[in-house]
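Chain letters run A, B, ... following the sequence lines, proteins first, then strands; residues in each count from 1. Worth knowing before you read on, the calculation uses all heavy atoms, side chains too, and leaves out hydrogens, waters and symmetry mates. Computed from a prediction, not measured in an experiment: that's the story for all the values here.
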Amino acid sequence: MSEEKILVTAALPYANGPIHLGHLSGAYLPADIYVRYKRLKGSDIVFICGSDEHGVPITISADKEGIKPKQIIDRFHKINKEAFEKFGMSFDNYSRTSLPIHHDTGKEFFLEFYNRGILKEKKSLQFYDEKAKMFLPDRYVEGTCPNCGFEEARSDECENCGALYQPTELKNPKSKITGQAPVLKETSHWYFPLGSYQRRLEKYIIDMDEKYGWKENVLQYCRGWFRDGLEDRAVTRDLDWGIKVPIDSAEGKVLYVWFEAVLGYISSTKEWAKDKGDENLWKKYWQDVETKYVAFIGKDNVVFHCIVFPAMLMAWNDGDKDKYVLPQNVPANEFLNFEGKKFSKSRNWGIDVIDFLKLFPADPLRYTLAANLPESRDTDFYWKEFQLRNNSELADILGNFINRTLTFVQKHFDGKVPERKKIETIDKEMLDLISIYPEKVSKLFESYKIKDGVLEAMNLARAGNKYFNDSEPWKTIKTDKEKCGTTLGICLQAIYTLAGLMMPVIPFSAEKIFAMLNSEKTSWDELGGENLKPGHQLNTPEIIFPKIEDEIIEKQMEKLVRSDDLKKEEPELISINDFSRVQLRVAEIISAERLEKSQKLLKLKVKLEDEERQVIAGIAKSYNPENLVNKKVVMVANLKPAKLMGLESQGMILAVENEKGELNVLSVDSSVKNGTRVK
RNA sequence: GGCGGGGUAGCUCAGUAGGUCAGAGCAGUGGAAUCAUAAUCCACGUGUCGGGGGUUCGAAUCCCUCCCCCGCUACCA
């Protein structure tokens, strides 16, 4: 069990929004607990993360706000970095993929593959938005399904009937960005031949599972991908936001995010090494077969970390350069839901880390999330559970055990560690229990059963309370002070051990406990022995875990109900600005006639100030054409023109429907001038 | 439609080499104790392990089928 060399990475969060509690449960908290534990174990470990800052969604966000992508990523990089710090993530480095050091790494990998002829160039027709001057990813093109007629089908697949087709077959394609009809334009891209690595990947995963015991859910996801068969994947995109493809003929192309984002782990480690003053230090981890590399991610990322990334590293390692280590384990978690439903930014459901930490300290959150990690299936975060975990576990069981022991020692032993005298059976049993705990929790952490490890650690506090009760020191202090001293000495030892065991989970509070014990933390393996010597002076105890009152929690829950109602009953509150985008104007009908083949439509000519328009209105069932002439009505003047029955309609007449289904057009007094804006 | 996950005590969740596997924590009921943040400790669960069928001496655990929920198939752990 000498010094293990470990490289731990946590999924790079996408810098397109603030991270929420779900992200923490999925990857970051388990990673941090594992790393902190391993550090106490004395491992030589480096913990790497950073922001993933390229890709189309970021450019879309930027366009929406009318700013540059750089501003988006700067904003969220900062927010998320700060959120992680407050939450107690102990990254050795938190980098970002927009840095030159990462661009260089991405290019290096691309060129290595390109030069060795691994990448295949293929031409294809892609939708191109001429107004936005960009190629459109599949999900930004919408049209009518050639198979079932579904009108919101994607460019290559219909969500309604499941049909797959070529983008050229899609009817009435429309760009989701500008709403315009995109054109098909030829482009060429480089593809990574993932399929030709399938056999090796399958073997790699089976081997790793046999040696290191991969999680069942992770294996399932991989099997699914293998069953479907791996295919070539494009590693480039037509986009200007990202890492430029480093060859002359690739103007306007960048590396596709999935290809370069995972390399962010490597470049972040490089950055760390540089900061440490040894540029090559990163190689000691990435390029040494002795390194144990563990990648913490959420389930959505399994394919990239268990298949794509290993395949890329295999491809690299087939060359003659220094070779990289592949992940030895990828303990992906499922998802955390929020009060029974999925976290959703757009539906305003859930809470961001940064907001949560404005309300509560990190440790209760860390403990609550850790005690309910979605290790084998999705779980939920409930405000009530959060309160309960804090109040009845952290405060009542752990906090109170510490408090009752320390105040007792303060009162009756001048705050000095009492000497252990005669060890009776009950004492022996407690000492034995304390001594086996580090190993017990260790075993669970080593096999990535973080949740069980945390709950097991809490059991030592339960045992401490029981030992305290059964020993009844409040009685022995009067009858047998030596015996009382022995009891308290052992309780103090339990507290010390607890502080150590809890260090990875609730680091801020564990520090406080050590401070109250007036003691330094020790290595994991030293825990459970006699860490506090008799006569050692303790500091004044204080409450570590204040309770959270009902009102505080209720306030948060009320917010939820409100945001829920808001969505259901008043889903569309719009601003005055939104309304002002609709131009309602007074128009005079100067002619009206029926359309031959239509029962509902009338062709109207209307006059707006000095302009005439043709409007096709669906009011034929309620009006005779002649009765409409000279009427002054209200129309939407800036509606996008549409074709109805082959005729262009340049606006819309407003009308209301009564119970019988008859329409009444909104009309105004004849004194109002044509073209007047309705406000 | 396709893919994936799940349906185990009131609640949140454990539980696959099929045979103390019917569990833990919380909540609830009763009791003990009073050093302590009214905090602790002890005792108490007749749950069809979603329904049905099958394999087996024996299944929550394997196979088949049905029902229900959720997620993904848009960015996102």
Remember a base hit wins even if backbone is also touched, and classify Glu393(A) as base, sugar-phosphate or nothing at under 4.0 Å, heavy atoms. sugar-phosphate
Ring pair (Phe, Tyr, Trp, His ring centres under 6.0 Å) partner of His305(A), chosen from Trp225(A), Tyr221(A), Tyr265(A): Tyr265(A)
Between rA24(B) and rU34(B), how many Å separate the two C1' atoms, rounded to a whole number? 28 Å
Determine the interatomic distance between P on rG6(B) and the same-named atom on rU46(B); round to the nearest Å. 29 Å
Just compare rG25(B), rC35(B), rA77(B) and give me whichever is closest to any side-chain atom of His23(A). rA77(B)
Side-chain atoms of Asn372(A) come closest, of rA77(B), rC41(B), rC13(B), to rC13(B)
Who pairs with rG4(B) - Watson-Crick or G-U, where each distance is under 3.5 Å: rC70(B)
Answer for the Watson-Crick or wobble partner of rU29(B), both distances under 3.5 Å, is rA43(B)
Is the NZ or CZ atom of Lys81(A) both under 6.0 Å from the centre of the six-membered ring of Phe76(A) and within 45° of that ring's axis? no
Determine, using ring centers only, whether Phe259(A) and His54(A) are less than 6.0 Å apart. no
With respect to the phosphate group of rA77(B), does any side-chain polar atom (N or O) of Asn301(A) fall under 4.0 Å of OP1 or OP2? yes
Classify the nucleic acid contact of Thr379(A) as base, sugar-phosphate or nothing, counting any heavy atom under 4.0 Å across all strands shown. sugar-phosphate
Check every strand shown and say whether Ser376(A) touches a base, only sugar-phosphate, or nothing at a heavy-atom separation below 4.0 Å. sugar-phosphate
Under 4.0 Å, counting only non-hydrogen atoms across every strand here, what does Leu406(A) touch: a base, just sugar-phosphate, or nothing? nothing
Does Phe408(A) lie flat on the base of rC35(B), that is, centres under 5.5 Å apart and planes under 30° off? no
Please report the distance separating the C1' of rC64(B) from the corresponding atom of rG71(B), rounded so that it comes out in whole Å. 26 Å
What nucleic acid atoms does Asp380(A) come within less than 4.0 Å of, heavy atoms only: base, sugar-phosphate, or nothing? sugar-phosphate
Gap in Å between the two P atoms, one belonging to rC11(B) and one to rG58(B), rounded: 33 Å
OG/Ser98(A) to NE2/His77(A) distance, rounded to the nearest 0.5 angstrom? 7.5 Å
If only side-chain N and O atoms of Tyr382(A) are considered, is one of them under 4.0 Å from the OP1 or OP2 phosphate oxygen of rU12(B)? yes
Hits for ring pair (Phe, Tyr, Trp, His ring centres under 6.0 Å) against Phe309(A), two or more places apart or cross-chain, chain-then-number order -> none
Given rG15(B), rG7(B), rA77(B), identify the nucleotide with an atom nearest to the side chain of Arg377(A). rG7(B)
If you measure from the C1' atom in rU8(B) to the same atom in rC49(B), how many Å do you get, rounded? 4 Å
Have a look at His412(A) and say if it touches a base, only the backbone sugar-phosphate, or nothing, with a 4.0 Å heavy-atom cut-off. nothing
Could you measure between the two P atoms, the one in rC44(B) and the one in rG53(B), and give it in whole Å? 35 Å
Anything under 3.5 Å between a protein N or O and an N or O of nucleotides 36-39 of chain B, put it in a table, one pair a line.
unit_1	atom_1	unit_2	atom_2	d
rA36(B)	OP1	Lys411(A)	NZ	3.3
rA36(B)	O3'	Asn403(A)	OD1	3.1
rA36(B)	O2'	Asn400(A)	ND2	2.6
rA36(B)	O2'	Asn403(A)	OD1	3.0
rA36(B)	N1	Arg404(A)	NH2	3.4
rA36(B)	N3	Asn400(A)	OD1	3.0
rA36(B)	N3	Arg404(A)	NE	3.3
rU37(B)	N3	Phe545(A)	O	2.8
rU37(B)	O4	Phe545(A)	N	3.4
rU37(B)	O4	Phe545(A)	O	3.4
rA39(B)	OP1	Lys547(A)	NZ	3.4
rA39(B)	O5'	Lys547(A)	NZ	3.1
rA39(B)	O2'	Asp396(A)	O	3.1
rA39(B)	O2'	Asn400(A)	OD1	2.4

Measuring only the P atom in each nucleotide, how far is rG47(B) from rA22(B)? A whole number of Å is fine. 13 Å
Check every atom of rA77(B), rC26(B), rU34(B) against the side chain of Ala27(A) and return the nucleotide holding the closest atom. rA77(B)
Between Phe356(A) and Trp383(A), does the ring centroid distance fall short of 6.0 Å? yes
When both distances are under 3.5 Å in a Watson-Crick or G-U wobble arrangement, the nucleotide paired with rU48(B) is none
By the 4.0 Å heavy-atom rule, please label Arg462(A) as base, sugar-phosphate, or nothing. sugar-phosphate
Distance (rounded to the nearest 0.5 Å) between Ile402(A) CD1 and Phe545(A) CZ: 6.0 Å
For Lys483(A) and Glu424(A), run side chain to side chain contact (heavy atoms under 4.5 Å, CB included): C-alpha distance rounded to whole Å, both residues' side-chain angles, the deciding distance at 0.1 Å, then the answer. CA-CA 9 Å; Lys483(A) 184 173 174 175; Glu424(A) 296 180 26; 3.7 Å; yes
Using the ring centroid of each side chain, check whether Phe84(A) and Phe87(A) are separated by less than 6.0 Å. no
Gap in Å between the two P atoms, one belonging to rA9(B) and one to rU48(B), rounded: 8 Å
